[in-house]
> 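Have a look at the structure that comes next, please.
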Amino acid sequence: MFATPELVRDLTEDKTETMNDAMRAGAVWERVRRRLRAEFGEDVFNSWFKSIEIDQAADDAVRLSVPTRFLKSWIDNHYRDRIIARWTEEAAQAVRIDITVRTAVTNRAPLKPKVLPEAVRPIIPSSAPRTPDQAPAANGHSDTLGGSPLDPRLTFDSFVQGRSNTLARAAALQVAQSRATDSVLFNPLYIHAGVGLGKTHLLQAIAGTAQAAGRRILYLTAEKFTFGFVASLKNQTAIAFKEALRNIDLLIIDDLQFLQGKQTQAEFCHTLNALIDAGRQVVVAGDRPPSDLENLDERVRSRLAGGLTVEIGTLDENLRLDILKQKLNQARTQHQGFDVPLAVLGYVAKHVTQNGRDLDGAFNRLLASNRLTNQPVTVEMAERSIRDLVRVAEPKRVKIEEIQKIVAQHYNVSRSDILSSRRTATVVRPRQIAMYLAKTMTLRSLPEIGRRFGGRDHTTVLHAVRKIEGLVGQDPALNEEVEVLKRRLND
Ligand code: ADP
Ligand code: MG
């Protein structure tokens, strides 16, 4: 789904229309987020972009919010232009971006519900801004070594227990709560699971808990470790780097599969040995069991396999529902008046089956729609939001060439007809459908799609996308055809 975000300007207008606009803005924002994630990588994305929420969108201005002042100034200074550029591409329209600090509603003292003006204002006013100490800053040790920031929301309290993660959670809790003087039980603790199943959440929960208890912790992604080590070699501070590393109580390494380079691996192995021999705790997460980390030094692998290895399994429907409930509770502390009926949570839990990240995505959709329109969340709204998300989340990568080929075959024209400038009806409609599919099934921008369709302008692509979007809604036969094409492309 795609369109320019037009604003929720007048709530007296047709509500469905308003809702659609808001959902489009929400969808544009989803796409912008996905592109930022792809562009900057998981680590940077999680540090800076993950907690950004969309509050309002007008034709020429978008209001985003972040939980802390620190984040606001960081994003303003470093990433604002990039966000603007991505939004402009996705929406095919220039925008201004305002970033505000979200206000928090404390749990303990529920505010009197403020009377909101009938029109506009989906943003919920409330008490004081969150304090900057909730910024994702790490402790002094982490600074020296370029530790990765901690997200204050990723705690044991917010980690929902289910059958698939009981063991991992118990081991993590044990490690987090043991005191510096306790003898170390599982060392290293190695947690593995597919993407989005809660590894980073557990690791950060350990880090936060241990840090709060005064232990010297270092939480690093393997990429950061690699980078820190390489940088220290360049600056000839490698000895200081090693010393600093070995001076901590608890070393936590995320995404070990990304540990790069023979020398870095050797250094990691030394660190591991030095820490373990000194009775310090090491916790590592990766996307597969140690034995399957083919690119990893044999010594590292065997050292890892010598500790406790636990797996987090897939999230079953019950667990997904519980996670959504938990997300709702968390969101309600910040967004007064926001609610999602149980039926809707159940619907999302049933249909968004992949992993925790997709649940996040689905949930953020609901929140964005609600805040942008001021309309209550309904199953119908969820249906629309998720249809989009499920499709966007489809793992298969569809190529534009493939789309052109399949569409051409289906309508019995040639691919060069589709790329040509011929304007006969037999070619124009398939071409528009192919452009529409290119926009909805790939992450390519409008200008890029234009280029790939014989050097057309992005406005031509936008026109085609809108045209087909409109027709699909009115013409069941065409809708069916488009669905058939999508299925073929996804096979
Ligand atoms: P991974 O690091 O394994 O790829 P994450 O820890 O980043 O996965 O989890 C993805 C999202 O799903 C996060 O928002 C996380 O908070 C959420 N999540 C995953 N498992 C749980 C759980 N058991 N309870 C609460 N949230 C969870
Ligand atoms: Mg992770």
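Whatever order the structure lists them in is the order used to number ligands and atoms, beginning at 1.
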> So do L296 and L259 actually touch side chain to side chain, heavy atoms under 4.5 Å?
yes
> Looking at ligand 1, would Q326 count as a contact under a 4.0 Å heavy-atom criterion?
no
> Using the test side chain to side chain contact (heavy atoms under 4.5 Å, CB included), find all partners of D322 that sit at least two apart in sequence or belong to another chain.
V160, K325
> Between the side chains of H201 and T155, does any donor sit under 3.5 Å from an acceptor?
no
> I would like to know whether D76 and K72 meet salt bridge (charged side-chain N to carboxylate O under 4.0 Å, His left out); could you show each step before the answer?
CA-CA 6 Å; D76 269 337; K72 168 176 158 51; 2.8 Å; yes
> Is the F268-F229 ring centre distance short of 6.0 angstrom?
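F268 vs F229: aromatic centres not under 6.0 Å.
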> Return the closest protein heavy atom for atom 17 (C) of ligand 1 as residue, atom name and distance.
K327 NZ, 4.2 Å
> Could you tell me whether ligand 1 has any atom less than 4.0 Å away from a heavy atom of G196?
yes
> Have a look around the Mg ion (ligand 2) and list protein N/O/S atoms under 2.8 Å, or say none.
T200 OG1
> So R33 and F49, do their side chains get closer than 4.5 Å, heavy atoms only?
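Contact flag for F49/R33 side chains = no.
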> Is the closest heavy atom of G194 to ligand 1 under 4.0 Å?
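Contact check G194 vs ligand 1: positive.
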> N/O of I323 under 3.5 Å from N/O of ligand 1, yes or no?
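I323 vs ligand 1: no N/O contact under 3.5 Å.
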> Taking side-chain contact (heavy atoms from CB on, under 4.5 Å) as the criterion, tell me which of I252, I253, D254, T226 meets it with L220.
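One option only clears the test, and that one is I253.
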> Could an N or O of ligand 1 be found under 3.5 Å from any N or O of L154, whether backbone or side chain?
no
> For atom 25 (C) of ligand 1, find the nearest protein heavy atom and state the residue, atom name and distance (0.1 Å precision).
S158 O, 3.2 Å
> Do V160 and ligand 1 have an N or O pair less than 3.5 Å apart?
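For ligand 1, there is an N or O atom that lies under 3.5 Å from one belonging to V160.
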> Contact between ligand 1 and R153 is defined here as a heavy atom of the residue under 4.0 Å from a ligand atom; is it met?
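Per 4.0 Å heavy-atom rule, R153 does not contact ligand 1.
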